[in-house]
Participant: 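So that we are looking at the same thing, I have put the structure below in C-alpha cells.
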Amino acid sequence: MTIEVERAPREAPRRRYVGSRQKKLKGDLFVRGKARYVADIELPGMLHAAVLRSPHAHAHVKSVDVSRALEISDVVAAVSGEDARELTGPVPHFIDPAVFGGKTAEVRCLAVEKVVYAGQPVAAVVAASRNDAEAALDAIAVEYEPLEVGLEPAAGTQGGTLLYEGWEDNTIIHIPFVEGDVEAAFAEAEHTLEDEVRIQRYTTAPIETRGYVADWDTSAESLTFYGACQNPHPLRWVLSHALGLPEGKIRIVAPHVGGGFGLKMHGHPEEALVCMLSRMLERPVRWIEDRRETFLIGGREQTHTFKVAFDDEGRITGLRNNIVANVGALGAPPGWGMAFLTALSFPTGYRIPNQDVQVSIVATNKGPWNASRGYGKEATNLVMERIVDLVAQKLRMAPAEVRRRNFINKDEFPYKTNAGLNIDSGDYHGALDKALAMMGYDDLRAEQERLRAEGRYLGIGLAFELTPEGGDIPGTLVAGFDTTTVKMDPQGKVTVLTGVTTPGGGNETGIAQIVADEVGVSLEDVTVIQGDTGLCPYGFGNYSGRSMLVGGGSAALAARDIREKLAKVAAAMLETEPENLEFGEGVISRRDNPDASLPTETVAYSVLTLAFATAAMVEPTLESTRVYKPDNITHIPDEKGRIQPYPSYSSAVHLAVVEVDAETGVVDLKRFGVVHDCGTIINPTFVEGQMQGAVAMGVGAALSEELIYDDEGNLLTDRFKTYLMPRAGDLPSFEMEHQVTPSPFTLLGAKGAGEAGVGGSQAAVANAVNDALAPLGVTLRQMPLSPPNVLRAIREAAEKGGVS
Amino acid sequence: METKSIVAVRTTINGREHSAEVDSRLLLVEAIRDVFGLKGTHIGCLTGDCGACTVVVDGKIAKSCLMLAASADGREIQTVEGLARDGKLHQIQQSFWDEYGFQCGYCLPGMMFSAKELLETDPRPDEAAIRHALQGNLCRCTGYQKIVQAVSTAADRMSGGTNEEREDDHRDDTPTR
Amino acid sequence: MITRTLEYLVPGSTGEAVEMLTPSAGEAKLLAGGTWVVPDMTHGRVRPARVIDLRRAGLSEIREEDGHVVVGATATYSEIVASSLLREKVGLLPIAAAKITGGAQVRNFATAGGSACYAIPSSDAPAWLVALGAKMRLLGASGEREVAAEDFFRGAFRTAARPDEMLTGMAIPTPPAGARFAYHKLKFGESGWPIATAACVLGLDEEGRCRSASLALGAVAETPLRVEVGAVLEGSPVTREVAQEVEEIAHRAVAEPWTDVLADGEYRKSVAGVVAKRVLLAAANGG
C-alpha cells in the first residue's frame, strides 16, 4: 500500500512569522503565576492519595494488612495489591518488548505477590488531606520474604535472582546490528584499539514532579483524568485497558506541564491507581509525586565494550561494540527501548563500513527506566565520540581531522547507515569548521600549551552529534505522524487543536507562527489548544523532537485548506482569481491592485453568511483536520530486514573547554560552544532555548548527576542535595551558531530540535576532560566525571607509571 | 490518632491581611497554596533545594518549604501574584517574558524573586553576579542562559529608564514584537 | 508532608524557651532558621511532638563582650555577612557565611547556631567555630555553661548539648588586630554541600613571620578537626614548603574520614591536605 504524502508546498506563503523570534504566546500567564499545573487543580470533594512503597528491592509479598489504616478517622480508603487486582487489569506497555520478540512481564498498579525494586508501590491510602494519607501509611502492615537482590546485569542473569516467573534469565532482549565483514576488517586493520565506557544511571528530573487527578462521574460512568503527561491519547488507550472502560468514557487533560523530558510519558503505576481509587470512591482523587519518588525512575545505565579497527590515515574500518544496558525492573513506560535506539544509532554520522554492534537489555532490581531526553541516542553519541578521540589519540592526529576523514560527505545524502537508517541531509564538515572558527580552536590549543607549561590542565573536547528525530515504532502508539484541526471563526480568529503537546517548550507558539503565516492573520489572533482528548484530534503528544515536525506540518496542511476557501470566496468578492490574491495580516488584497482588499474577518464572515450567494462555491465551514506523515519513514523491511523509523536527522558539533584541578579532580567548564543544524528554524529563540537546556542537561550528566544505590538496592541519591544538577553558576554562557540544511523529507524542511544537545555536550565535556589529563596518561571510562572518579583515575594512572 | 493541632495565623500577603486557623503540620508553601489559594508558588522538592517555592518574607526572599505555616504569624509575605501592580507587569516579569527567561514556567516565580532581591542591592550586576544570585534556584529547561539575559535586561530597564519608570518598576504589558 | 501532629510554641525569651523545652526534652525540636529541621520533619527523619520557634527569643544579636564577639544563636548568615562588627573584628565569619550553599533564600533565614546544633558532618559552621576557638553558650534548666567548640561537636549529628539545653550564642575571642583569615570550601558544583573545608586564622608579624596560627578542617570527619600547625608555622614565614608540610599534617590528621554518598572517606582524606594547604596560602596572602 502506498500513501500519498504531501511534499513541498505549492507556493510558500509570505513568511512573516516563520523564522522570526516571537515571544511565548500567553507568556503573561506564566510570569503572573496564573498558569495552572496539575497540582493546582482543586475539585469539590477531592481526596488525596499516598502510596506505600516496598523497602525491599526483591521480595515476596506474603501479606498486606490495611485494616489499622482504615480505622484512622480521616482515612477514606486503604487498598492492597490484591484489592487493586480486583478493580483493575494490568497496565499495558507503552512499547512491549514482546513486539520485538523479547520477554515481557505483567505490570500492575500495586504489586501482587512480588516486588522487584525498592520503591515499588504495594498499597495506597486515600484521606482527606495528604498529611493524613501519608500518616496512615505507617499503619499498613506488610510481610515480606526478602529474595536475593541483583543490581548488576551480570549477576542478574543467573538463575537464583530471576525477576520474573517463566523467564530463563533476566535478559529482556538481545539485538544485533551487524553489517559488512567485521572479521576481515579487523584482520586487515593497520591499527586496532579496545576500550570501555561505563555510563551511569541518571534521570530527567523536571522541576515539577509527576501528578494526577482522577475525577469519576458516577452518573455518566465516565472518567476525567488530569495529569502531567506528554501523550494524552495513547494514555487514554492505556487507561481504557487497565480500567476496562471504553476510550469514549475517558477524557485526558494535560494542563500546563512543568517539564517532561520523557519522564511524563506514561506507564507509571500511579496513573491507573488514582483512576481506580476515584471510581471506587466516586470522588475526585489527587496524587502528587514527592521528589524522592521522582528519583526512583531511572535511565541510561549502560556499559559499552568496544574494539575499533582503523588505518594509518585515521579512517575507521571496523567497529565491534558490546552494549549491556541495566534497565532496572521492567516497567510499562517506554524506558527500556532507549537501549535499543542506542545500538540502532551507531555509528552516527560516520562512514564505518563494517560493524558488529550488539545490545543486551537486562532487567535488574533497580527502579524501571522511563524515556529520557535523547532516548538512548545520547549514549551512542557519547561512545562514538570517545571512540573517535581514542583513534585520534592513538595516531597522534588532530581530533577534528579524524572526524573530517570519517564523516559522511554532504553530497552523499540521503545516506543509509549500517542499521538501515536513512539520514536525510546535513553538512557535518561545514558544521565542524564553523565550530572550530567560532571558538578560536587554534588559539585554544596554544593556550593549552602555555598552561601545561605552568602545570595547569586545560582540556579541549570536540564532539559531533547526530540525533534521529520524529520516530515511529511499528506496532506501538509511538507514531511518526500527527493530526491538527484549524478553525477560523466568523471574526477571522483562529483556533488550532493539535495532537502534539508541550511539556514546557514553546511549540504552541511555533505552531501558531506557521498557522498565522498560512492563513494570513496576526499571531495574537491564533489560539493553540493542546493536551485535551475531549477537544483535540487523535494525536500522540510529545516525544522524539516531533512536535514542530509533525504538529507544525499537520497544522500547516489544515491551515492551507482554510486559506484555499478564503481565497475562493475573497476572489469572488474582489472579482478576481484566487491566484491573484495576497494574504496580509488580517487582510486579503489583489496583487494587481493592492487597494482592492478585504479584511480577512469579512471574508470569513461571508463564508458562513453568504453560503447560498457569493460563497456558494465552497463548503461553508472554515475548519479542517489534517494528518501530516513525513516522508522517509519505511516500515517495510529492506533486503536486509531493516526498517527506517526516523524521518529527520538533526546534527551538531560541540566544543567544550575545561580546566581540571588535578589535586581534587574538580572539573571547571570554562567555555562551551555548539553549531546546531535542525533544518528550517521556525523560531530561533525557541531552538536556542531547547539547545541551551539540553546542553546543561548533558553537562550535568557528564560531571555530576548519578542515581546511586546501596547494596540492598535502596536509592541513596533521592534529593537535589545528592543528585547534583547544574546551577547557573556552574555554567558559562554557551556560544551558539546555526547551520541550516533543510530536510528534503519534511513539509517545512524542519528536523526535530527537542533532544539534540544532551549526548553531544556530554561527549564534548568527556573528551575535554580526557584531553586535559592526557599528559598524566589518564583515560576516563566511568561516567560521570565527578571529582572522586577523576581523582581515582589520576591516581591509577600514576600507579601505572603515567603516560603510556 | 492524636487530635489535630490548629494554629491561628495572621499574616499580610501581597498587601492584604489574612487570618486563618491552620493545621500546625502545614508548611508555609502549603498554606500559601491551599489555605490562601495562591497557586503561583510552586513545590518542586520540599527539601529547600530547588527554589520553586521562593517568596518574600518580611522583605527577604525565603524558601517557603523551609518554614512552617505557623511561623508566618505576624509576618508580611509577597508571592508572585503580588509582583504586578494594577495589572501592570513588574519590569522583571516583563523581561523574563521578553527574553524567554523560562520554558515550562515552573521555576519562574522563584527565579524572579531571586532576581528582584539581587537588583535591589546591586542594580547593575555583571553576569557572574547574576549567576551567583540564582544559586538557590534550579531550572531544568533553559540552561539558565536566557534567565541570565532576562535579569540583565531587567537591570537595564530598571536603572536606565526615566525617573518616573524608576520609581515604579512596572510597565504596561502590551505585547511587543 | 509532616505527618505527626505538633504543638507549635513561640517563646518570648530564653527563659520561656527553656521552660518549654524542659518537660518535653526528647520530644521537642528547637527552630532557629528551620532550614534543616523543617525539611527533616517533612520527610519523617525527625518527628517532634513540640516545636519551639526561637524567632522571638531575642537571640539574633551580634555584640561585643569583653574581648569576644558574641554571635546570637539565631543570627542568620545574611546578618553575619552584613555585620560591620564582625567584618572589623572577626573577618572570617562574614567571608565564610557568604559561601553557604542554598542561595540568598537560605542565607536570609538559616543560622550558624542552628547548623552547629545539627552537627551535620558535611556542613560549614562547625569548622569555623573550631578554628576561631569559639565558646558555645548553653542554657538549660540547671543554668548556663560554656563549652569550647572543639568539645561541643561529639560526632555526626551529636553535640555536647543535653536534650534540655539550648544554644544561646557563640562567643568568639577577638583575634589580634591584623589577623588574617581565609576559608576554603571544596564542594561539587553549586548544588553541592561541603566535601572538605578549611578555616584558617593567622597572626603575622611585620616580617611576615607567623606569630599564631589556627587551622580547622570541616566535612572530612564526623566532627571538625583542629590541625596542629603551630609547631611548623610559628616563627616562620608562610612559604610553599611550609604549606606542603601543613598539607601532610592535615592529611595525616584525618584518621577516620567521613563517608557519604557524594564522596567516600578515601576521597575526603586525599583532599583534606589540599584544602589545608590552599587555605593557609590564601590566608597568608590576605584571604
Participant: Quick check on side chain to side chain contact (heavy atoms under 4.5 Å, CB included): which of B:Ile77, B:Ile32, B:Val80, B:Val55 does B:Leu38 satisfy it with?
Facilitator: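 The side chain to side chain contact (heavy atoms under 4.5 Å, CB included) with B:Leu38 is passed solely by B:Ile32 among B:Ile77, B:Ile32, B:Val80, B:Val55.
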Participant: For B:Glu127, is it the side chain, the backbone, both, or neither that has a heavy atom closer than 4.5 Å to a heavy atom of chain A?
Facilitator: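 Side chain only.
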Participant: Could you measure the distance from the CZ atom of A:Phe295 to the OG1 atom of A:Thr209? Nearest 0.5 Å is fine.
Facilitator: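 Nearest 0.5 Å value for the CZ-OG1 distance: 10.5 Å.
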Participant: Would you mind checking which part of A:Glu289 comes under 4.5 Å of any heavy atom in chain B, side chain (CB onward), backbone (N, CA, C, O), both or neither?
Facilitator: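 Neither part; nothing is under 4.5 Å.
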Participant: Starting at SG of B:Cys104, measure out to CZ of A:Phe261 and round the result to the nearest 0.5 Å.
Facilitator: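 One gets 6.5 Å once the value is rounded to the nearest 0.5 Å.
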Participant: Go through B:Ile92, B:Thr47, B:Leu134 and name the one with the most non-hydrogen pairs under 4.5 angstrom from chain A.
Facilitator: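 Of the candidates given, the most pairs with chain A belong to B:Thr47.
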Participant: Select, from B:Thr79, B:Val148, B:Leu138, the one with the greatest count of heavy-atom pairs under 4.5 Å involving chain A.
Facilitator: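 Most heavy-atom pairs under 4.5 Å with chain A: B:Leu138.
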Participant: Tell me, side chain or backbone of A:Lys34 under 4.5 Å from chain B's heavy atoms, or both, or neither?
Facilitator: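 Contact with chain B involves the side chain of A:Lys34 alone.
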Participant: Chain A heavy atoms under 4.5 Å from B:Asp23: which part of the residue, side chain, backbone, both or neither?
Facilitator: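 For B:Asp23, neither part sits under 4.5 Å from chain A.
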Participant: Against chain B, label A:Phe734 side chain, backbone, both or neither, depending on which of its atoms sit under 4.5 Å from a heavy atom there.
Facilitator: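 Answer is both: backbone and side chain atoms of A:Phe734 are under 4.5 Å from chain B.
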Participant: A:Pro206 versus chain B, heavy atoms under 4.5 Å apart: side chain, backbone, both or neither?
Facilitator: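 Interface part for A:Pro206: backbone (N, CA, C, O).
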Participant: Within the structure provided, determine whether B:Thr153 and B:Gln149 are in side-chain contact (heavy-atom separation under 4.5 Å).
Facilitator: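 Side-chain contact under 4.5 Å: yes.
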Participant: Distance-only, no hydrogens or angles: does the B:Ser64 side chain make a donor-acceptor pair with backbone N or O of B:Cys53 under 3.5 Å?
Facilitator: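 Yes.
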Participant: What part of B:His132 is in contact with chain A, defined as an atom under 4.5 angstrom from a non-hydrogen atom: side chain, backbone, both or neither?
Facilitator: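 For B:His132, there is no contact with chain A at all, as no heavy atom is under 4.5 Å.
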Participant: Quick one, B:His90 and A:Arg32 - any side-chain contact, counting heavy atoms below 4.5 Å?
Facilitator: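 With C-beta onward as the side chain, the pair stays apart.
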Participant: If we define contacts as heavy-atom pairs under 4.5 Å, which of B:Gly143, B:Ala133, B:Gly40 has the most with chain A?
Facilitator: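 Of B:Gly143, B:Ala133, B:Gly40, B:Gly143 has the most heavy-atom pairs under 4.5 Å with chain A.
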Participant: If you count heavy-atom pairs under 4.5 Å between each of A:Met691, A:Glu688, A:Met725, A:Arg719 and chain B, which one has the most?
Facilitator: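 Max contact count across the listed options: A:Met725.
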Participant: Which atoms of B:Tyr144 come close to chain A, meaning under 4.5 Å heavy atom to heavy atom: side chain ones, backbone ones, both, or neither?
Facilitator: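 The answer is the side chain of B:Tyr144.
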Participant: Just so I understand: if I count every heavy-atom pair under 4.5 Å between each of B:Gln135, B:Gln103, B:Lys39 and chain A, which residue has the most?
Facilitator: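 The residue among B:Gln135, B:Gln103, B:Lys39 with the greatest pair count is B:Lys39.
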Participant: At their closest point, which heavy atom of B:Cys45 faces which heavy atom of B:Cys50, and how far apart are they?
Facilitator: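 Shortest heavy-atom separation between B:Cys45 and B:Cys50 comes out as SG-N, 3.4 Å.
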Participant: Donor-acceptor pair, distance only, cut-off 3.5 Å: does the side chain of A:Tyr202 make one with the backbone of A:Ser704?
Facilitator: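 No, A:Tyr202 side chain to A:Ser704 backbone: no donor-acceptor pair under 3.5 Å.
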Participant: Side-chain contact, heavy-atom cut-off 4.5 Å: A:Asp132 with A:His48?
Facilitator: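 In short, these two side chains do not touch, never coming nearer than 4.5 Å.
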Participant: Under a 4.5 Å heavy-atom cut-off, does chain B meet the side chain of A:Val695, its backbone, both or neither?
Facilitator: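 A:Val695 has no heavy atom closer than 4.5 Å to chain B.
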Participant: In Å, rounded to the nearest 0.5 Å, how long is the span from OH of B:Tyr100 to CD of A:Gln692?
Facilitator: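 Here the rounded value is 10.0 Å.
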Participant: Side chains of A:Val257 and A:Gln230: closer than 4.5 Å at any heavy-atom pair?
Facilitator: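 Heavy-atom side-chain distance check fails, nothing below 4.5 Å.
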Participant: Checking heavy atoms, do the side chain of B:Thr142, its backbone, both or neither come under 4.5 Å from chain A?
Facilitator: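 Only the backbone of B:Thr142 comes within 4.5 Å of chain A.
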Participant: Select, from A:Ala696, A:Gly729, A:Pro732, A:Ser733, the one with the greatest count of heavy-atom pairs under 4.5 Å involving chain B.
Facilitator: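 Answer, by heavy-atom pair count under 4.5 Å with chain B: A:Ser733.
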Participant: Under 4.5 Å heavy-atom distance to chain B, tell me which part of A:Ser129 shows up: side chain, backbone, both or neither.
Facilitator: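 Answer is side chain: those atoms of A:Ser129 sit under 4.5 Å from chain B.
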Participant: Between A:Glu705, A:His256, A:Arg373, which shows the greatest number of heavy-atom pairs under 4.5 Å with chain B?
Facilitator: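 The answer is A:Glu705.
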Participant: I'd like to check A:Glu293 versus A:Arg210 (side-chain heavy atoms, cut-off strictly below 4.5 Å). Are they in contact?
Facilitator: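 With C-beta onward as the side chain, the pair stays apart.
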Participant: Using heavy-atom distances under 4.5 Å, tell me whether A:Arg36 contacts chain B through its side chain, its backbone, both, or neither.
Facilitator: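 The side chain, not the backbone.
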